[in-house]
2 protein chains.
Amino acid sequence: MLSDRQRMILTAIVDDYVRSAEPVGSRSISKRSGVTFSPATIRNEMADLEELGLLEQPHTSAGRVPSNKGYRYYVDHLITPGGVSEEDVRKVRAFFAEKMLLWEDVIGHAATMLSQLTHYTSIVLGPEMFQTTLKHFQLVPLNEQSAVAIIVTSTGHVEHRTMPIPEGIDVADLGKVVHLLNDKLAGVPFHRVKSVLHSEVAEELARYVDRCQEILEVLEDSLAEKKDPRVYLSGAANMLTQPEFKDVDKAKLILDTLEETAALSKLLQPDSGGIQVRIGTENAMEAINQCSLITATFSLDGQNLGTLGILGPTRMEYGKVIGLLEYLSNDLAALIARRIK
Amino acid sequence: MLSDRQRMILTAIVDDYVRSAEPVGSRSISKRSGVTFSPATIRNEMADLEELGLLEQPHTSAGRVPSNKGYRYYVDHLITPGGVSEEDVRKVRAFFAEKMLLWEDVIGHAATMLSQLTHYTSIVLGPEMFQTTLKHFQLVPLNEQSAVAIIVTSTGHVEHRTMPIPEGIDVADLGKVVHLLNDKLAGVPFHRVKSVLHSEVAEELARYVDRCQEILEVLEDSLAEKKDPRVYLSGAANMLTQPEFKDVDKAKLILDTLEETAALSKLLQPDSGGIQVRIGTENAMEAINQCSLITATFSLDGQNLGTLGILGPTRMEYGKVIGLLEYLSNDLAALIARRIK
DNA sequence: TTTAGCACTCGACTCGAAAGAGTGCTAACG
DNA sequence: CGTTAGCACTCTTTCGAGTCGAGTGCTAAA
């Protein structure tokens with residue numbers, strides 16, 4: 001357990017270091033308003049905090065820097081529950097007002113906004129279809145060989161996929177199949193679609209439709225195929241403004257990682273709902289062991305609609321970012337809820 | 001007009017500099033196989049080439065570097081029409097074989113492949129819908145307030161957009177409208193959709209359908225709205241491997257630019273079909289005045305289907321990239337042609 | 001016209017000295 | 001006993017001088 005003074009000093013060091021990116025010395029802390037003790041006292045406390053593993057020294061005769069453990073303590077116990085600045089609220093409002101018309105792009109634009117507001121990198125995951133239920137689906141024939149499947153999920157997410165039509169299949173037959181499937185599949189979770197197709201639908205369908213086996217097969221491919229959720233990335237270049245990545249090689253390592261959307265989608269996969277903070281080596285991926293990732297899920301009736309993520313250096317404005325993510329994820333959830341009513 | 005020897009020297013300098021990123025000295029050229037004259041002779045020629053503005057010297061006592069004008073001459077007159085290596089052909093084949101099933105993502109994946117094959121940054125533009133014609137469109141109602149419009153263009157491109165349903169409109173009415181519109185609008189270029197809706201459709205529709213004015217309005221918004229073509233970016237981090245961008249600030253400038261998709265879409269807009277090379281300051285955007293952009297359009301019956309772009313430092317493997325783009329753009333065009341038959 | 005020779009230029013690298021920031025320790029103080 | 005002043009010490013950063021080496025331009029000879 002830390003004393004009040006130790007907590008105060010740790011807070012000061014984190015705050016200072018986040019701002020300046022330079023090791024924090026005892027003198028600069030003693031000069032803060034509200035500090036009544038001398039640099040020497042602070043040095044003693046700092047030595048104690050270092051022994052506890054909360055601080056580190058880049059080298060003798062440098063100031064102190066928070067360790068990962070230090071950041072963790074800060075986030076868990078010291079953080080000031082950051083409200084969102086009035087200006088940011090205004091920007092968010094303005095943004096949604098403008099972008100609501102192009103609903104398809106709204107999540108992508110949210111990513112852009114996040115990176116602009118925070119000056120960090122934002123990574124946003126769209127809904128993972130596989131975990132939602134099918135609400136409605138429809139086929140629109142394109143030509144002899146292909147059709148577009150439009151899929152609507154219970155969360156109001158719409159997606160289309162082109163699929164091949166087996167040689168010589170009648171369009172009318174397809175229509176019948178789709179009609180029947182909508183009855184059977186509405187409300188079925190995607191991860192069960194495959195088995196439902198096999199167990200319940202196949203036989204009945206076979207009575208009405210020729211060659212239904214072939215039709216079911218292509219439908220399976222386009223409907224039930226597991227796909228990674230869409231990944232929206234924005235502000236990756238913001239990483240380059242951080243002094244910890246002034247070395248191009250380090251920066252390249254991270255930016256390369258950021259281009260692998262599959263890896264990102266795994267990285268953001270939340271353990272649970274709400275806000276999560278992963279500091280430095282707490283992140284599974286080695287390339288971002290110098291970074292912290294803060295994520296927030298937004299959901300509707302317990303169904304996960306997506307994840308907002310902010311990636312920055314471990315030396316990051318945790319309070320501000322957490323506040324913003326909390327605010328924005330609630331906003332987005334509310335927006336989607338209102339939309340599908 | 002350059003002498004054969006001058007052309008040979010310029011070629012050697014460009015090739016060497018592209019490989020090494022270091023100013024090329026007379027000595028290193030004279031050592032090349034096939035070179036029969038001494039460094040002194042080459043120095044004389046180099047001085048002449050510099051006077052012509054084709055070469056530059058970073059400072060006295062350094063070797064020579066091609067100027068933008070030098071690259072231009074190289075691209076226009078000296079380039080060896082680069083074939084595509086067998087290995088690359090194999091990779092492209094393998095790639096298409098694998099990705100054809102997920103047709104929706106094929107262009108995006110093509111971008112990824114381009115950046116991986118070239119180690120440069122690839123920027124790919126999807127089809128500009130506004131220049132194609134409408135082939136078919138359909139509405140799928142989502143709930144009381146909204147529907148999805150599926151739009152199919154003559155080039156086989158499919159797109160969906162959510163649109164609001166005006167309060168209290170009958171779904172059956174909507175169906176009628178869509179049916180009628182498909183007759184009227186099929187084959188109409190998108191840039192004329194708006195006027196056709198007004199001039200030809202409006203009156204006739206009014207006879208059958210109540211409140212058709214409101215319906216037409218929302219349709220206009222979702223159908224005829226001009227949207228920038230989709231921009232696919234891949235391999236932006238490759239920029240960081242180039243020694244000319246080892247300075248983080250320069251790199252940041254470029255990466256920032258690369259995040260503005262609207263600007264990119266403008267930048268890639270081709271003057272004409274085929275391959276285009278823009279060297280250094282020939283590019284409109286100041287941030288990439290140290291870069292070259294090579295673009296190739298792929299089209300079908302004269303309709304532009306998209307643009308492949310490779311962005312790299314001016315010190316770029318022009319021959320190889322041009323060859324690859326030529327090959328891939330033809331391939332893509334053929335693929336699309338085969339698909340819509 | 002080509003080439004050898006040579007003085008010259010200029011960036012890159014190395015080294016050491018000086019400056020400066022911050023510490024840890026000790027001893028004194030209230 | 002906690003707090004503080006004082007001080008020696010450590011380590012990085014910065015700067016300039018010196019050296020090295022690559023490459024040039026010029027001149028004179030082949």
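In what follows, every heavy atom counts, from backbone to side chain, and hydrogens, waters and symmetry copies are set aside. All chains are named by letter (A, B, ...) in the order of the sequence lines, taking the proteins before the strands, and each is independently numbered beginning at 1. Everything quoted here is computed from the prediction, not taken from an experiment.
For B/S38, the side chain to side chain contact (heavy atoms under 4.5 Å, CB included) partners are B/A40, B/T41, not counting sequence neighbours. For A/E260, the side-chain hydrogen bond (donor to acceptor under 3.5 Å, both in side chains) test picks out no residue, with sequence neighbours left out. Every residue meeting the side chain to side chain contact (heavy atoms under 4.5 Å, CB included) condition with B/V231, not counting sequence neighbours, appears here in chain and number order: B/I123, B/L125, B/T261, B/L264, B/S265.
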Can you pull every protein N or O that's under 3.5 Å from an N or O on nucleotides 22-26 of chain C?
{"residue": "C/dT23", "atom": "OP1", "partner": "A/S26", "partner atom": "N", "Å": "3.2"}
{"residue": "C/dT23", "atom": "OP2", "partner": "A/S26", "partner atom": "N", "Å": "3.4"}
{"residue": "C/dT23", "atom": "OP2", "partner": "A/S26", "partner atom": "OG", "Å": "2.7"}
{"residue": "C/dG24", "atom": "OP1", "partner": "A/R64", "partner atom": "NH2", "Å": "2.9"}
{"residue": "C/dG24", "atom": "N7", "partner": "A/R43", "partner atom": "NE", "Å": "3.1"}
{"residue": "C/dG24", "atom": "O6", "partner": "A/R43", "partner atom": "NH2", "Å": "3.1"}

Scan nucleotides 14-20 of chain D against the protein and return all N/O pairs shorter than 3.5 Å with their distances rounded to 0.1 Å.
none

Please tabulate, one pair per line, all N/O donor-acceptor pairs under 3.5 Å involving side-chain atoms of residues 44-53 of chain A, not counting sequence neighbours.
{"residue": "A/E45", "atom": "OE2", "partner": "A/R5", "partner atom": "NE", "Å": "2.7"}
{"residue": "A/E45", "atom": "OE2", "partner": "A/R5", "partner atom": "NH2", "Å": "2.8"}
{"residue": "A/E50", "atom": "OE1", "partner": "A/R64", "partner atom": "NE", "Å": "2.7"}
{"residue": "A/E50", "atom": "OE1", "partner": "A/R64", "partner atom": "NH2", "Å": "2.9"}

Considering only distance and modelled atom types, tabulate donor-acceptor pairs under 3.5 Å from the side chains of residues 79-90 of chain B, sequence neighbours left out.
{"residue": "B/S85", "atom": "OG", "partner": "B/D88", "partner atom": "N", "Å": "3.1"}

Scan the side chains in residues 319-327 of chain A for donor-acceptor partners under 3.5 Å anywhere in the protein, sequence neighbours excluded, and list what turns up.
{"residue": "A/Y327", "atom": "OH", "partner": "A/R93", "partner atom": "NH2", "Å": "3.2"}

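Annotation: of the two residues near DNA chain C, B/E45 and B/P58, the 5′-most nearest-nucleotide partner is B/E45.
The residue A/S30 sits apart from the nucleic acid: no heavy atom pair falls under 4.0 Å.
Pairs passing the salt bridge (Lys or Arg N to Asp or Glu O under 4.0 Å) check and including a residue from residues 23-44 of chain A, sequence neighbours excluded, read A/D16-A/R32. Sorted by first and then second residue, the side chain to side chain donor-acceptor pair (under 3.5 Å) pairs with a member in residues 109-122 of chain A read A/S115-A/S234; sequence neighbours excluded. Counting only residues at least two apart or in different chains, ring pair (Phe, Tyr, Trp, His ring centres under 6.0 Å) contacts with residues 66-86 of chain A comprise A/Y71-A/Y318, A/Y73-A/H77.
If you check residues 1-19 of chain B against DNA chain C, the residues with a heavy atom closer than 4.0 Å are B/R5, listed by number.
The shortest distance between side-chain heavy atoms of B/T257 and B/L267 does not fall below 4.5 Å.
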